[in-house]
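Per chain, numbering begins at 1; letters A, B, ... match sequence-line order.
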There are 2 protein chains.
Amino acid sequence: MTTDYSGGGDVSKSLELLWGMQQRPTRGPKPGLTLERIVEAAVAVADAEGLAALSMRRVAAHLGVGTMSLYRYVPGKAELLDLMLDHVAGPVTEEPAAGEPARAEPGDWRAALEEMARGVWRMCLDHPWYPLVDQVRPLLGPNNMAGMDALIRRLQPTGLGDRERVLMISVVDGFVSAVARSQVNAMQAEQRTGITEEEFWAAQEPVLIKMMESGRFPTLAALHENTFTFTYEDVFEFGLKVVLDGLAVVVEGAGRARTSD
Amino acid sequence: MTTDYSGGGDVSKSLELLWGMQQRPTRGPKPGLTLERIVEAAVAVADAEGLAALSMRRVAAHLGVGTMSLYRYVPGKAELLDLMLDHVAGPVTEEPAAGEPARAEPGDWRAALEEMARGVWRMCLDHPWYPLVDQVRPLLGPNNMAGMDALIRRLQPTGLGDRERVLMISVVDGFVSAVARSQVNAMQAEQRTGITEEEFWAAQEPVLIKMMESGRFPTLAALHENTFTFTYEDVFEFGLKVVLDGLAVVVEGAGRARTSD
DNA sequence: GCTTCAATGCGTACGACGTACCCGGTTCAG
DNA sequence: CTGAACCGGGTACGTCGTACGCATTGAAGC
């Protein structure tokens, strides 16, 4: 099927599983597995062997059960992916217990978005399959909703409308996910092919040199030698600053509009 | 194999095909196919049926030949993807023939990046499989190199170094690709599942309402009703402005550093 | 305590995929 | 004219998600 999409299965079934709404039937033998264990096994397989290697057979083998046994707990692979996504969103470990300290801080929106960006980035390194799953149609599980709630709250002092605040989050999240996806793809390309990044570019070098000498690409030929020696982390840091600087323009615009009211 | 990566095959083989370096053997029957026709057929299949439906069998069927015949022309699916990527980059249709008009324009960097962004966006709509291919390890074909050369040249007047200019391009391209990927995923999710975006959210509504009433997510519960009624095109426009505004900070910084030299 | 019957476990099978291998037919160099 | 090189493509293998069906289990109803 090559799923790799969130919300690709039976939505209401996924939601029931996410929020734990289901009564155990009284008849029949007791189940030998739990949803929790299956989801954890799936995450373990994906962490260790990559998203491409995540299969129902592999997950079952990891648990020491037959493949089809999983289908007693989960409608299919698509729904299992939804559960994995909310699972790694984890119990939000925020500790705002110290009496709402950040509320008055005027620049806190920037810190809030930067923390989110770095959190997503870190999670993508911990679970390299995460940015490879296309999160259209995100299932709203408990962990993700809690994170969203807290983040939107911290954007409140900007005075922006609900739509703008959600758009800001979309832009930051979209950017971070994109760079993270490139990053883990590069790592996995190295494992999959056994060819390092350096070796890959070295393989292109003969053709490149010939083309540079042809005079067809004068600007490329004139580029400094170390032009392409940046890491994905460099792109992340550079781009995060750019995006936040751009969002600052939006926030300041709203601030000016309010004071002139 | 579930390829969906650029540069996943034999790199030097792909390059030879891209740049047309290969002598036709003199012996044996004349080939009934050409690389060109195969690549065009593959693009046609992917355009019409999506990346997931792109298979060697389907491409061969579209050409009316046996599946294995394709392997006389292309080492494998991975290399075929590389050829498709450069093919749709197309002959660059820039017309800077009118005597280098933009060179003096100080804000031209912004127009250049915006044109690129809109070009990528348009291409993603024409070829919905394009943003779904992970472009780690991009193969440098003639069309892509010509586009890069022209773009970097237009960023020259910013006075930024080579690295910064390439980073700027990476950030814009990364952002546009990310939004475009979401956009086409949403479109295809609708086709695949037969469930529209509205129906999807309606399916989540009962659970959402219950959670809103629970008081666990006060900020989400207080959001205005039309908060999530934006399109991907809205995100693209909003985010493009944000990114370009952020890059303006970088460009201005370079300008100030130069004048204070 | 015995019967009933839903629920659990999981083996088998199907149709998709990329492609390795091999064979028969075709065409040109010598 | 002959042999080598090249073309087309059929078959087969191992992968995937999962539909289907069947034996086993164990609590509910009597």
Side-chain angles (χ1 to χ4, degrees), chain A residues 1-5 8-10 13-14 22-35 37-38 41-42 45-46 49-84 129 133 192-193, chain B residues 1-5 8-10 13-14 22-35 37-38 41-42 45-46 49-84 129 133 192-193:
Chain A
M1 218 231 285
T2 324
T3 316
D4 303 3
Y5 303 98
D10 185 326
K13 209 71 189 253
S14 282
Q22 56 206 331
Q23 61 279 40
R24 262 271 301 130
T26 58
R27 299 278 266 269
K30 292 202 168 57
L33 258 44
T34 62
L35 244 192
R37 279 189 64 202
I38 293 177
V45 169
E49 313 188 48
L51 187 62
L54 177 69
S55 70
M56 300 303 270
R57 284 175 231 265
R58 274 236 205 347
V59 174
H62 194 268
L63 287 165
V65 302
T67 306
M68 294 313 292
S69 302
L70 301 182
Y71 287 86
R72 294 280 170 206
Y73 301 83
V74 171
K77 193 189 177 187
E79 291 82 358
L80 179 54
L81 251 181
D82 286 333
L83 296 176
M84 292 170 65
W129 51 271
V133 180
R192 206 174 42 239
T193 63
Chain B
M1 217 231 287
T2 326
T3 314
D4 303 3
Y5 303 97
D10 185 326
K13 210 71 188 250
S14 282
Q22 57 206 331
Q23 61 279 40
R24 263 273 301 131
T26 60
R27 301 276 266 269
K30 293 203 171 53
L33 257 46
T34 61
L35 243 191
R37 281 190 62 204
I38 293 177
V45 169
E49 312 187 48
L51 186 63
L54 177 69
S55 70
M56 299 304 269
R57 284 174 230 264
R58 275 238 201 350
V59 173
H62 194 268
L63 287 166
V65 300
T67 307
M68 294 313 292
S69 302
L70 302 181
Y71 288 88
R72 295 278 170 205
Y73 301 83
V74 172
K77 194 189 177 188
E79 290 82 359
L80 179 54
L81 251 183
D82 286 333
L83 297 176
M84 292 170 64
W129 51 271
V133 180
R192 209 175 39 242
T193 64

Novice: Looking for any heavy atom pair under 4.0 Å, which part of the strands does A:L70 touch: base, sugar-phosphate only, or nothing?
Specialist: nothing
Novice: Please tabulate, one pair per line, each protein N/O and nucleotide N/O from nucleotides 11-16 of chain C that are separated by under 3.5 Å, including the distance.
Specialist:
none

Novice: If we fit an axis to the first five pairs and another to the last five of the helix from C:dG1-D:dC30 to C:dG30-D:dC1, what angle do they make, to the nearest 10°?
Specialist: 10°
Novice: A side-chain contact here means heavy atoms from C-beta on lying under 4.5 Å apart; do A:L54 and A:M84 qualify?
Specialist: yes
Novice: With DNA chain C as reference, determine whether A:V65 or B:L54 sits nearer its 5' end, using the nearest nucleotide of each.
Specialist: A:V65
Novice: Consider the side chain of B:P29, meaning its heavy atoms from C-beta on, and name the nucleotide among D:dT18, D:dC6, C:dT8 that approaches it most closely.
Specialist: D:dC6
Novice: Nearest 0.5 Å, what's the CG-NZ distance between A:L81 and A:K77?
Specialist: 6.5 Å
Novice: Which side-chain N or O atoms in residues 58-72 of chain A pair as donor and acceptor under 3.5 Å with protein atoms at least two apart or in another chain?
Specialist:
| from | atom 1 | to | atom 2 | distance (Å) |
| --- | --- | --- | --- | --- |
| A:R58 | NE | A:E49 | OE1 | 2.9 |
| A:S69 | OG | A:G66 | O | 3.3 |

Novice: OH of B:Y71 versus C1' of C:dA20: gap in Å, rounded?
Specialist: 10 Å
Novice: Take A:R72 and A:M56, find for each the nucleotide of DNA chain D with the closest heavy atom, and name the residue whose nucleotide sits nearer the 5' end.
Specialist: A:M56
Novice: What's the NZ-C1' distance between A:K30 and D:dT25, to the nearest Å?
Specialist: 11 Å
Novice: What is the distance, rounded to the nearest whole Å, between atom CD1 of B:I38 and atom P of D:dG9?
Specialist: 11 Å
Novice: Looking at every strand, decide which applies to A:L80 at a 4.0 Å heavy-atom threshold: base, sugar-phosphate, or nothing.
Specialist: nothing
Novice: A:Y73 side chain to A:L33 main-chain N or O, any donor-acceptor pair under 3.5 Å?
Specialist: yes
Novice: What is the separation between atom CG on B:L35 and atom P on D:dC7, rounded to the nearest whole Å?
Specialist: 12 Å
Novice: What is the distance from CG of A:L81 to C1' of D:dT18, rounded to the nearest Å?
Specialist: 16 Å
Novice: Under 4.0 Å between a side-chain N/O of A:Y73 and OP1 or OP2 of C:dG9, yes or no?
Specialist: yes
